[in-house]
There are 2 protein chains.
Amino acid sequence: MTETSPTSRQRRAPRTARERARAELTAAIKEEARRQLAEVGAHGLSLRAVARELGMVSSALYRYFPSRDELLTALIVDAYDALGEAGEVAVARESVACEQWRAACRAMRDWARAHPHEYSLIYGSPVPGYVAPERTIAPAERAPRVLIETLRTAWGTGGIEPATPQVPVPAALRTQAETLGRSFAPDLPLPILLRGVVAWTQLTGMIGLELTGHFVGVFEPADAFFTHSVEELMAFVGLH
Amino acid sequence: MTETSPTSRQRRAPRTARERARAELTAAIKEEARRQLAEVGAHGLSLRAVARELGMVSSALYRYFPSRDELLTALIVDAYDALGEAGEVAVARESVACEQWRAACRAMRDWARAHPHEYSLIYGSPVPGYVAPERTIAPAERAPRVLIETLRTAWGTGGIEPATPQVPVPAALRTQAETLGRSFAPDLPLPILLRGVVAWTQLTGMIGLELTGHFVGVFEPADAFFTHSVEELMAFVGLH
DNA sequence: ACAAATTCGAGAGCAGTGCTCTTGACAGTG
DNA sequence: CACTGTCAAGAGCACTGCTCTCGAATTTGT
């Protein structure tokens, strides 16, 4: 969040007063938009309201974000980064693999519950007609990478059981998983990698169901079921 | 879909011409709304456009649905029912538990891919400011009930392994799971029931990630990963 | 069968939205 | 100093959800 040294960043610090003002206003717009997003959701996010709150006129806002979708995209990228960072710092605080896994899952759920509308923005229904631009895929990988990375280090230190798969991996899936493994965890056995992905899908599903209220009247609060699921799937991926 | 005998339905058949016209128009509105929903999504669904397409004026539509949210709620209930029914007929076609489980999972994914916007309506981000009315929770239970019901019959016929849980069920979760089991599958052991719920959450998560495009460039198509996950989780719940 | 009550579609209108275009003022650079 | 590019502001377009009123049609009660 804090500014790093000028040489460490590709995007150099703004020199002129105009560039500086522009950067600050862009940040202020995003901040206000994020506030309104938390209040009224993506559907209720209004460019006019954001501009009004910032004391400017709506048309001026289009100098910074060419469309409402563009603003949402910026918020989406930020949300991916925030979620990923939440998981990363949670993992960094722990040293043994099991605790890292638990911390990562808990951090992602906590972040989702603290920012439900931002979470819905990235894992909920896509804004209709909206297609994710190229620059969102890299930040999107950050969160699942936290889980896979935990498995990778655990595999390196022998903290993970070889997870004998009852189910053979078909050829079509094998090639897909291999390319995935090459960019995520080259040395991790494919069955373990796949189980990690399965665990990730379960995590997003469980968080999504909780946020959309599918657990009301059943698992309420959902804490017990959540921690239990994490334990079950930790055994599923082979962590011990 | 077809009309049953007057006594078999609580809501009797419309007597007067006015009631009959009202019922038909209500259905026509929902049908047109569903068509537009599939095209432009929940965000783009416009009451005026629906009315326009039906050759009436927008204000007249409010005689049938008092608000846009009310129309969406009707579509949500229908979506829950359609998804649940898709799972039910898929299970009914099979006789052995494993095939029933596979069929149910496949049916739900197929329905979701065929009606992505309707699926997003019920499992995606909630429409902002929208709170699910009471009458949606019964249809919402229908889909997960299909999976649990499959486990219940499998347990009755011995088609399911006692799934020795490595993870003990804490007290708080036990009481929640017991009340859930009472209404879903009274005779099913709690650990199996809980694993069934975990499998359901994974299913919704995986379908949601596929629909929101999180698998593009990784599992594309996602068929192989989907069937593999189903197999893995089938073993996880103890089906064999 | 006739009158009363209810329901209905249509139209006007309000407040709000995303977005475009033009206008005049300001800052940065030659 | 003058020029060029950027900026905020305002007016305006087409659209939205929703409310209200007003006749017309239909159902209901007597």
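Chain A is the first sequence line, chain B the second, and so forth, proteins listed ahead of strands; every chain is numbered from 1. Everything numeric in this text was worked out from a predicted model, so none of it was measured. All heavy atoms count here, side chains included; hydrogens, waters and symmetry mates do not.
- Between A:Arg63 and A:Leu47, the one whose closest nucleotide on DNA chain C sits nearer the 5' end is A:Leu47.
- Among the protein residues, B:Ala21 comes within range of no part of the nucleic acid, since none of its heavy atoms lies under 4.0 Å from any strand.
- Ion pairing between B:Glu141 and B:Arg145 holds under the 4.0 Å rule for side-chain N and carboxylate O.
- With respect to A:Glu70, the salt bridge (charged side-chain N to carboxylate O under 4.0 Å, His left out) criterion is satisfied by exactly one of A:Arg63, A:Arg135, A:Lys30: A:Arg135.
- Looking at B:Arg18, its side chain comes within 3.5 Å of the base of C:dT7 through a donor and an acceptor atom.
- Atoms CD (A:Gln36) and C1' (C:dG16) sit 14 Å apart, rounded to a whole Å.
- For the pair B:Leu61 CG and C:dA10 C1', the computed distance is 13 Å after rounding to whole Å.
- For B:Glu31, the CD atom counts as loosely surrounded, since its 6.0 Å shell holds 12 or fewer non-hydrogen atoms of other residues, nucleotides or ligands.
- Atom CZ in A:Phe65 sits about 13 Å away from atom P in D:dC7, given to the nearest Å.
- Heavy atoms of A:Leu45 sit under 4.0 angstrom from primed sugar atoms or phosphate atoms, though from no base atom.
- Between the CG atom of A:Leu72 and the C1' atom of C:dG18 there is a distance of 12 Å, given to the nearest Å.
- Distance CD (A:Glu70) to C1' (C:dC19): 14 Å, rounded to an integer number of Å.
- Ring planes of B:Phe219 and B:Phe215: perpendicular class, angle over 60° (limits at 30 and 60°).
- Of the side-chain N and O atoms in A:Arg22, one or more sit less than 4.0 angstrom from OP1 or OP2 of D:dC7.
- B:Ile29 places its CD1 atom 11 Å from the P atom of C:dC8, with the value rounded to the nearest Å.
- Per the geometry, CZ belonging to B:Arg52 stands 14 Å off P belonging to C:dG11, to the nearest Å.
- Between A:Ala49 and B:Gly55, the residue anchored closer to the 5' end of DNA chain C is B:Gly55, taking for each the nucleotide with the nearest heavy atom.
- Among the atoms of the strands shown, base atoms are found under 4.0 Å from some heavy atom of B:Ser58.
- Side chain of B:His214 to main chain of B:Gly208: no donor-acceptor pair is present (N/O by atom type, distance under 3.5 Å, no hydrogens or angles).
- Using a 4.0 Å cut-off, no side-chain N or O of B:Arg48 falls inside it from OP1 or OP2 of D:dC15.
- B:Leu25 comes within contact range of the sugar-phosphate backbone alone, with a heavy-atom separation under 4.0 Å but no base atom that close.
- The distance from atom CG of A:Leu71 to atom P of C:dG18 is 10 Å, rounded to the nearest whole Å.
- By the 4.0 Å N-to-carboxylate-O rule, B:Arg22 lies too far from B:Glu19 to be salt-bridged with it.
- Nucleic acid contact class of B:Ser59 (heavy atoms, under 4.0 Å, all strands): base.
- Side-chain N/O atoms of B:Tyr64 include one lying less than 4.0 angstrom from OP1 or OP2 on C:dG9.
- Across C:dC19, C:dG9, D:dT16, the shortest atom-to-atom separation from the side chain of A:Tyr62 is found for C:dC19.
- Phosphate proximity of D:dG17 to B:Ser67: absent, as no side-chain N or O sits under 4.0 Å from OP1 or OP2.
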